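The block underneath contains the structure these notes are about, expressed in structure tokens.
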Amino acid sequence: SRSMMRGLTAVFAVVLGSNQLGAAERQPMSQVGKPNFVFLLMDDWGWGDVGAYAKMVNSGDKPPLTPNFDRMATEGTIFTRFHTLASVCSPSRASWLTGSWPLAVKSPYIFSCNHDINVANGQGDFVNLSVPFIPRLLHNNGWRTAHYGKWHLGCTPDAPGVSEYGYDDSSTYVSNNKSVQLGNFSTDPWFPANSSTLIVDHALAFIQANPTEPFYLNLWFHISHAPLNPSPEQLANFSVEKYCPWSGMSPDHMASNQVYQRCPIQVFRASQHDADAQVGRFMDYIRGEDNMKSNTFVVMSGDNGPEDPHIYFNSVGSAGAYRGRKRSLYEGGISTPLIAWWPGQIPAGRVSDGDIASIDWFPTVARFASVTLDPTTRAWVQGHDVSAELSGQTQTPRTIPLTWDYRFAMPGHCYHQSPRLAILDPTGSGWKLLMHPDRSRLELYNTTHDIFEATNLAVENPQVVDRLAKMLLTWLAAMPTSPPAAIKLNAGCDQYSSLGKIEPIGEVFQGLSEYELS
């Protein structure tokens, strides 16, 4: 239950060694000057993939080893009710940087590099340059800006280059040839193993080139997206004997049998551990610079829930206490980690169940930067300024409800396959409605008491259903997207105690490569 989770967060605050920063101790923003902003976005990380979160749920005997993210949580604030506004890559990322709904930028799904696939999915080819973009806003107001790592906001040949969105420097992948490429994602088998190091190397070089100027950095990591291929050095702390004991082979036999040299949980944990280590290298630099430690706002989050192992066998991430995975609109697909760090501004050792979403990044960064939004931008941005919640103060309630639309197939167990649409009640009641646009498959959950979304209360609460359905369908009708050639409405099931029926994903995703499944 949500009340149970609040109890866990209270206990976890003690584990962290809560040292909340009182209002009297907080440095006034007027004395901070222009702060630096760093956005660490991990790919396909669920609640159970960060040690600080895994402590709150049963993480098994092979928990994530993420000491640097855990240290960020101890020195900052960890959020237990954060939502990303999409359950897959591109639309989630668009919501962070534009401050509006993914459908508003014509991204119900991922941006393919193939125009015809985008058309078939009712998808644009890229985020239009006319759309407000938080890096461009800061660039135009005196910040140096850079983006390193995954892009995935448009990669057709006619898509704009990354620099056209307001970046002074960038090195990316899943972008077109107008953009400087990070390594060789398509052909280098060791790209996954080296990608985190490359991203941090670029970031540190960018800062060190002009260390006294304010900066905005997006560091968007490959890990733990498919494919994963950790190096022998990265696997060194993840022994076959501990992580792959199911082989039934003796250690001597195992060492000589290449088939049993690696297993999914070993590959997964080693890959995430290396990404965490590179983040630690970056954070150690920030902590070591007096002019940056108290003047840099760092956020770590994930774009969506963990990938399903039916898509990629090494994708064994954990959604923690939640039902659903990547692509699903149950909480496991859209509730991801969020850790905020800023000594002197954001309380240390705090665990918050405050309402925060990816769409809030734009207005919140603008507020911390003391940048005033012009009327056009203000009208565009649908996110909520959550600077007060981040600072440990009383947050004004959200007035615009959080809504979702995922209209494509969901692989894996049927009990993860949600209806197409979802809405969270903006009144803070905890009600969450999921439904198809024709009002079939109505599912209403009280997430205050039922975080696993196991008990459908739609029949008992018709007035709540009608109120939320009206808001949800009104929002959908206002979105400027074209319908795809074929919408996949998933049937789902209530088989929570068994594996359920596994859908033959080879037919569902016929014609799409692993890349298109990003």
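Note that the structure is a prediction, hence the values are computed from the model and not measured. The chain is numbered in sequence order, starting from 1.
Within the 4.5 Å cutoff, the side chain of M56 has heavy atoms near those of the W47 side chain. When side chains are defined from C-beta on, L103 does not count as touching T403, because their heavy atoms never get closer than 4.5 Å. At least one side-chain heavy atom of R420 sits less than 4.5 Å from a side-chain heavy atom of D405. The closest side-chain heavy-atom distance from N140 to V371 is not below 4.5 Å. Annotation: side chain of F39 is not in contact with side chain of P135 (no heavy-atom distance under 4.5 Å). Contact check for R327 versus I311: side-chain heavy atoms found under the 4.5 Å cut-off. Between Y165 and W151, some side-chain heavy-atom pair lies under the 4.5 Å cut-off. Inter-residue side-chain proximity for R81 and T447 is flagged as unmet; no heavy-atom pair is nearer than 4.5 Å.
In this structure a side-chain-to-backbone donor-acceptor pair under 3.5 Å is present from T336 to G302. The backbone N or O of G428 sits nowhere less than 3.5 Å from a side-chain atom of D425 that would complete a donor-acceptor pair. The backbone N or O of V88 sits nowhere less than 3.5 Å from a side-chain atom of S92 that would complete a donor-acceptor pair. Listed for the T66 side chain is a donor-acceptor partner under 3.5 Å among the backbone atoms of G51. H384 places no side-chain N or O within 3.5 Å of a backbone atom of D360 that could act as its donor or acceptor partner. Although no hydrogens or angles enter the test, the distance criterion places a donor-acceptor pair under 3.5 Å between the side chain of N141 and the main chain of L137. Side-chain atoms of T77 do not come within 3.5 Å of backbone N or O of A340 as any donor-acceptor pair. Under the 3.5 Å distance criterion, the side-chain polar atoms of S391 are left unmatched by any main-chain donor or acceptor of Q393. With hydrogens and angles ignored, the 3.5 Å screen pairs no side-chain donor or acceptor of Q395 with any backbone N or O of D355. Of the possible donor and acceptor atoms, one in the side chain of R378 sits under 3.5 Å from a partner among the backbone N and O of L373.
Taken from NZ in K432 to CG in L444, the straight-line distance is 11.0 Å, to the nearest 0.5 Å. To the nearest 0.5 Å, the span separating CG on L85 from CZ on R93 amounts to 14.5 Å. Going from atom CH2 of W143 over to atom CG of N36 covers 9.5 Å, rounded to the nearest 0.5 Å. One distance of note links OG of S301 with CG of L338; it measures 5.0 Å at 0.5 Å rounding. For the atom pair CE (M471) and CD1 (I400), the distance works out to 12.0 Å, reported to the nearest 0.5 Å. H225 NE2 to C89 SG: the interatomic distance, rounded to the nearest 0.5 Å, is 6.5 Å.
Test V131, L129, T145 against R136 for side-chain contact (heavy atoms from CB on, under 4.5 Å) and you get one pass: L129. A salt bridge (charged side-chain N to carboxylate O under 4.0 Å, His left out) with K326 holds for exactly one of D303, D44, D308; it is D44. Only one option out of R325, E443, Q417 pairs with Y330 in a side-chain hydrogen bond (donor to acceptor under 3.5 Å, both in side chains); it is E443. Only one option out of V386, T377, V381 pairs with P363 in a side-chain contact (heavy atoms from CB on, under 4.5 Å); it is V381.
The ring of W404 has its center closer than 6.0 angstrom to the ring center of H83. Checked against the 6.0 Å centroid threshold, F69 and W45 count as a close aromatic pair. Between F82 and W361, the distance separating the two ring centers is not shorter than 6.0 angstrom.
Summarising the geometry of T80 relative to Y322, their closest heavy-atom pair is O-OH, 3.6 Å, with the distance given to 0.1 Å. Contact detail for I110 and S90: the closest heavy-atom pair is CA-OG, 3.4 Å. Of all non-hydrogen atoms in L390 and F79, the two that sit nearest each other are CD2-CZ, 3.5 Å. Taking both residues in full, the closest heavy atoms of A86 and N304 are given as O-CB, 4.1 Å, listed atom of the first, atom of the second, then distance. For the residue pair P306 and G332, the shortest heavy atom distance occurs at CD-O, 3.7 Å. Taking both residues in full, the closest heavy atoms of L434 and S418 are given as CD2-CB, 3.9 Å, listed atom of the first, atom of the second, then distance.
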Verdict with supporting geometry, F111 and V174, side-chain contact (heavy atoms from CB on, under 4.5 Å):
CA-CA 9 Å; F111 288 107; V174 197; over 6 Å; no
Evaluate the criterion side-chain contact (heavy atoms from CB on, under 4.5 Å) for residue pair V279 and F221; output intermediate values, then yes/no.
CA-CA 10 Å; V279 168; F221 290 79; 3.8 Å; yes
Trace of the side chain to side chain donor-acceptor pair (under 3.5 Å) decision for S440 with D438
CA-CA 5 Å; S440 64; D438 62 358; 2.5 Å; yes
Under the side-chain contact (heavy atoms from CB on, under 4.5 Å) rule, what do M410 and H416 come out as? Steps first, then yes or no, please.
CA-CA 8 Å; M410 299 177 190; H416 291 322; over 6 Å; no
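Below 30°, between 30° and 60°, or above 60°: for Y167 and H147 the angle between ring planes is above 60°, a perpendicular geometry. Between F408 and Y406, the ring planes lie perpendicular to each other; the angle is over 60°, past the 30° to 60° tilted range.
Applying the side chain to side chain contact (heavy atoms under 4.5 Å, CB included) rule to D158 yields the partners D125, F126, T156; only residues at least two apart in sequence or on another chain are considered.
Remark: E460 CD is packed, more than 12 non-hydrogen atoms of other residues, nucleotides or ligands lying under 6.0 Å away.
Between D466 and R439 a salt bridge is recorded (basic side-chain N to carboxylate O distance below 4.0 Å).
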